[in-house]
There are 4 protein chains.
Amino acid sequence: MNTKEAILKATLRLVNEYGFYHLNMKQLAAEAGISVGTIYLYFNSKEKLINELYKNIIRDFNAIVLKGYEEGRAFKQNFFEMMRNAIDHYIQNPDRFSFIEQYTYSPFLFKETKEENLAILEPIEKIIKEAKKENQVKDLPETLLIALSYGPIVGMMKLFIVGKTDLKKKMQKELLLEACWQSVSIQ
Amino acid sequence: MNTKEAILKATLRLVNEYGFYHLNMKQLAAEAGISVGTIYLYFNSKEKLINELYKNIIRDFNAIVLKGYEEGRAFKQNFFEMMRNAIDHYIQNPDRFSFIEQYTYSPFLFKETKEENLAILEPIEKIIKEAKKENQVKDLPETLLIALSYGPIVGMMKLFIVGKTDLKKKMQKELLLEACWQSVSIQ
Amino acid sequence: MNTKEAILKATLRLVNEYGFYHLNMKQLAAEAGISVGTIYLYFNSKEKLINELYKNIIRDFNAIVLKGYEEGRAFKQNFFEMMRNAIDHYIQNPDRFSFIEQYTYSPFLFKETKEENLAILEPIEKIIKEAKKENQVKDLPETLLIALSYGPIVGMMKLFIVGKTDLKKKMQKELLLEACWQSVSIQ
Amino acid sequence: MNTKEAILKATLRLVNEYGFYHLNMKQLAAEAGISVGTIYLYFNSKEKLINELYKNIIRDFNAIVLKGYEEGRAFKQNFFEMMRNAIDHYIQNPDRFSFIEQYTYSPFLFKETKEENLAILEPIEKIIKEAKKENQVKDLPETLLIALSYGPIVGMMKLFIVGKTDLKKKMQKELLLEACWQSVSIQ
DNA sequence: AATGAATGAGAGTTCATTCAT
DNA sequence: GATGAATGAACTCTCATTCAT
């Protein structure tokens with residue numbers, strides 16, 4: 001692993017352990033196994049570092065979700081594949097899920113990426129729009145369909161992270177997927 | 001309004017405008033119209049202040065939600081009343097919603113209140129449990145039923161806050177409530 | 001003496017002992033008998049502090065020199081009084097003389113005061129111009145007359161500071177004044 | 001041009017553009033078209049580099065001034081030749097003039113070269129002493145004669161550098177020389 | 001109860017210097 | 001000879017907290 005990746009990885013770990021508020025460059029350098037000055041060879045500032053990490057996480061997440069999408073395939077199959085990818089990715093990288101949530105709710109930490117805050121919803125928005133055009137989903141506002149698809153997943157992830165549920169069990173995950181599907185699909 | 005309330009109100013406003021990360025006591029004092037020293041007459045530390053504000057917000061929220069609950073009344077009616085109260089409270093106090101979300105995802109800002117982070121879900125957990133005992137909800141894990149009830153509301157609130165939807169319209173709100181209800185109730 | 005003046009005084013002393021290059025805020029706070037943070041209650045940045053000190057020194061110098069000026073009085077008398085004031089002020093405050101010279105030759109330390117760098121010559125420029133109009137000085141370019149009036153004083157101050165001459169002796173000072181006068185006046 | 005000279009040249013340029021205070025090795029390497037490490041092959045430290053540059057500049061300046069000196073020749077002719085050489089050198093290398101002035105007023109940047117700070121005055125001191133012995137200059141203290149000879153030149157150079165006068169014009173230069181001569185010579 | 005000047009530890013950042021390549 | 005990534009001490013500046021008034 002190269003130095004830049006080591007820094008990003010250490011940042012992700014520390015932000016999740018201590019939060020944005022308590023992240024400091026000295027501790028970060030120690031966690032990454034480098035010296036403070038080295039961080040600044042790769043990132044111009046703490047803010048830039050956080051923002052770049054966020055962009056990377058969103059980019060990776062969206063790429064993984066979109067791997068579940070196939071042009072022309074039935075909406076149902078696309079929905080399940082994409083959502084399953086999302087859940088799997090979150091379960092395997094709960095720190096990424098937490099980071100996204102922290103980031104989203106830290107106003108003005110990320111002035112420059114304000115507009116990207118909703119990028120996380122783009123893939124789901126895309127298929128909901130397509131399905132809506134073809135009358136394959138309930139006759140509800142798009143935003144509501146998105147909230148019904150993605151909201152319960154976020155909710156379950158929160159419970160998973162605090163140990164209230166075990167999403168790693170296949171059954172739990174499939175029940176979640178099926179329930180989200182029922183919420184938006186025409187019965 | 002007394003001084004203590006003025007401080008709490010100013011804190012809520014500034015945290016939502018600038019985030020925990022950029023909140024500072026001098027600015028806070030200015031916002032509250034008092035001097036920095038005065039804050040310390042009412043709160044022992046910045047952390048204590050934040051924690052107390054959080055507890056107040058959760059306490060108020062739960063009290064309002066529980067006003068929609070009546071012992072012995074049909075589950076459906078309790079569900080709608082409580083959830084409607086929750087949504088109304090959030091819509092009228094979006095800063096409180098944002099604060100809760102920020103707080104929840106700032107690990108170790110609130111060491112002492114870690115266990116209270118899920119308190120927000122207590123009222124809904126309560127009626128889901130009762131309904132489950134009486135087989136009035138789908139045969140799904142409790143946690144999933146909670147995620148299905150509350151997750152879409154959080155999702156819609158996020159979209160509302162960034163201006164993507166207008167939850168203030170009665171129709172939008174009722175559609176959301178109905179959809180959440182459909183997710184958990186036996187058809 | 002108030003805090004702000006103590007900071008300015010300490011700055012002047014340290015800049016002259018160690019130079020701009022080695023001035024640091026920790027040492028400065030110690031010299032002024034206060035803490036680092038206190039400096040920032042009075043000056044927004046190190047640069048602002050240096051600039052303000054410079055402006056004060058120039059302002060004071062010019063005020064003192066101009067005390068030797070009287071409207072309508074013979075050029076010769078004005079010249080001697082003003083120049084004597086300048087020399088006396090420098091002799092009694094050699095640190096101010098050194099500071100001005102350091103400042104003048106530190107490009108870009110003082111972006112904002114660039115245009116004030118020549119303010120030090122304003123009083124002398126003023127009387128040279130007047131004298132020129134009335135043909136009381138040699139027929140030479142203004143700039144040369146200024147250089148002839150002020151240059152030897154700067155030169156002697158440099159020698160005084162390194163201990164090569166004793167300008168405090170009345171004779172030395174009067175010889176310097178007389179020589180400058182001879183340089184510019186019509187014989 | 002070899003590497004060492006390239007470094008010295010780059011240093012001179014950057015010190016004059018940004019000042020000692022803002023000179024840094026990375027920028028210096030870029031300006032010289034080499035890498036930071038290479039600087040340290042030729043100079044042990046930043047301080048040593050600055051000091052060596054200073055010594056070179058003084059050495060060159062004195063050599064050029066002394067070219068105007070001829071044993072046994074009339075004082076007046078030596079004075080004019082030497083001073084003309086000095087002025088010409090400064091006019092053609094204003095950066096060297098500025099560097100000398102910056103250096104002179106940066107105490108303790110050059111601990112080791114403190115004693116050399118007046119070396120710049122050696123050639124003029126030399127001929128003034130000779131002339132004094134032979135009663136060819138006014139009966140004034142040596143230091144004052146030096147200040148009268150050299151002070152106005154420094155003064156005019158400062159005005160030249162900020163664009164207030166055009167020393168490149170032959171007339172200006174000759175008037176300056178003549179005026180300095182008048183200041184020290186027996187009428 | 002209220003103030004706000006003062007504190008100083010600690011933050012983010014810089015940069016002269018080193019050394020493996 | 002030449003490189004430039006890496007270092008970490010030291011820098012400027014911030015800000016939660018204190019306390020004399």
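A note on names: the letters A, B, ... follow the listed sequences, proteins ahead of strands, and every chain is numbered from 1. Side chains are part of it too, since the values below use all heavy atoms of this structure and drop only hydrogens, waters and symmetry mates.
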Engineer: Please compare D:G33 and A:G33 by the position of their nearest nucleotide in DNA chain F and report the one closer to 5'.
Structural biologist: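 This one resolves to D:G33.
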Engineer: From CZ of B:F43 over to C1' of E:dA2, roughly how many Å is that when rounded to an integer?
Structural biologist: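 Value for this atom pair: 16 Å.
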Engineer: Could you run down the sub-3.5 Å N/O contacts of the protein with nucleotides 11-15 of chain F?
Structural biologist:
from   : atom 1 : to    : atom 2 : distance (Å)
F:dT12 : OP1    : C:L23 : O      : 3.4
F:dT12 : OP1    : C:K46 : NZ     : 2.6
F:dT12 : OP2    : C:M25 : N      : 3.0
F:dC13 : OP2    : C:Y40 : OH     : 2.6
F:dC13 : OP2    : C:K46 : N      : 2.9
F:dC13 : O5'    : C:Y40 : OH     : 3.4

Engineer: Among all residues two or more places apart in sequence or in another chain, which pass the ring pair (Phe, Tyr, Trp, His ring centres under 6.0 Å) test with C:Y90?
Structural biologist: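 Once residues adjacent in sequence are excluded, the partners of C:Y90 under the ring pair (Phe, Tyr, Trp, His ring centres under 6.0 Å) criterion are C:F61, C:F97.
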Engineer: What residues form a ring pair (Phe, Tyr, Trp, His ring centres under 6.0 Å) with C:Y40, not counting sequence neighbours?
Structural biologist: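 Checked C:Y40 against ring pair (Phe, Tyr, Trp, His ring centres under 6.0 Å); zero matches.
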Engineer: Under 3.5 Å, is there a donor on one side chain and an acceptor on the other for D:N24 and D:Y18?
Structural biologist: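 No, no side-chain donor-acceptor contact under 3.5 Å.
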Engineer: Would you mind reading off the distance between B:I7 atom CD1 and F:dT17 atom C1', rounded to a whole angstrom?
Structural biologist: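 In whole Å, F:dT17 C1' lies 15 Å from B:I7 CD1.
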Engineer: At what distance, to the nearest 0.5 angstrom, does CG of B:N16 lie from CZ of B:F99?
Structural biologist: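 If we round to the nearest 0.5 Å, B:N16:CG and B:F99:CZ are 8.0 Å apart.
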Engineer: Compute both the distance and the angle, then confirm whether B:K4 meets the cation-pi test with B:F43: under 6.0 Å from the six-membered ring centre, within 45 degrees of the axis.
Structural biologist: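 Ring-cation test returns yes.
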Engineer: Once pairs are restricted to Watson-Crick or G-U wobble with both distances under 3.5 Å, how does DNA chain F read as a dot-bracket string, [ ] for crossings and | for other-strand pairs?
Structural biologist: .||||||||||||||||||||
Engineer: Mind checking the CD-CG spacing from C:E52 to C:N56? Nearest 0.5 Å is all I need.
Structural biologist: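 The distance works out to 5.5 Å.
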Engineer: Side-chain contact test, heavy atoms from C-beta onward, threshold under 4.5 Å: evaluate it for A:Y54 versus A:I58 and give yes or no.
Structural biologist: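 Yes, their side chains come closer than 4.5 Å.
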Engineer: I need the CG-C1' distance between C:L28 and E:dA6, as an integer number of Å.
Structural biologist: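 The answer, rounded to whole Å, is 16 Å.
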Engineer: Rounded to whole Å, please give me the gap between CG in A:N2 and C1' in F:dA6.
Structural biologist: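 Distance check: A:N2 CG to F:dA6 C1' gives 15 Å.
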Engineer: Between D:T3 and F:dG1, does any side-chain N or O lie under 4.0 Å from OP1 or OP2?
Structural biologist: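 Negative; the distance criterion is not met.
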Engineer: Quickly work out the A:I39 CD1 to F:dA5 C1' distance and round it to whole Å.
Structural biologist: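 Value for this atom pair: 14 Å.
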Engineer: Run the side chain to side chain donor-acceptor pair (under 3.5 Å) test against B:D95 and tell me which residues pass, sequence neighbours left out.
Structural biologist: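 Not a single residue meets the side chain to side chain donor-acceptor pair (under 3.5 Å) criterion with B:D95.
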Engineer: I'd like a table of donor-acceptor pairs (distance under 3.5 Å, sequence neighbours excluded) in which one partner is a side-chain atom from residues 26-39 of chain D, with atom names and distances.
Structural biologist:
from  : atom 1 : to    : atom 2 : distance (Å)
D:E31 : OE1    : D:R13 : NH2    : 3.2
D:E31 : OE2    : D:R13 : NE     : 2.5
D:S35 : OG     : D:T38 : OG1    : 3.2

Engineer: NA contact type, A:I34, heavy-atom cut-off 4.0 Å: base, sugar-phosphate, or nothing?
Structural biologist: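 Contact class for A:I34: sugar-phosphate only.
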Engineer: Categorize A:Y42 for me: base, sugar-phosphate, or nothing, with a 4.0 angstrom heavy-atom threshold over every strand shown.
Structural biologist: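 The residue A:Y42 makes sugar-phosphate contact but no base contact.
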Engineer: To the nearest Å, how far apart are B:K4 NZ and E:dA2 P?
Structural biologist: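 My rounded result for the distance is 13 Å.
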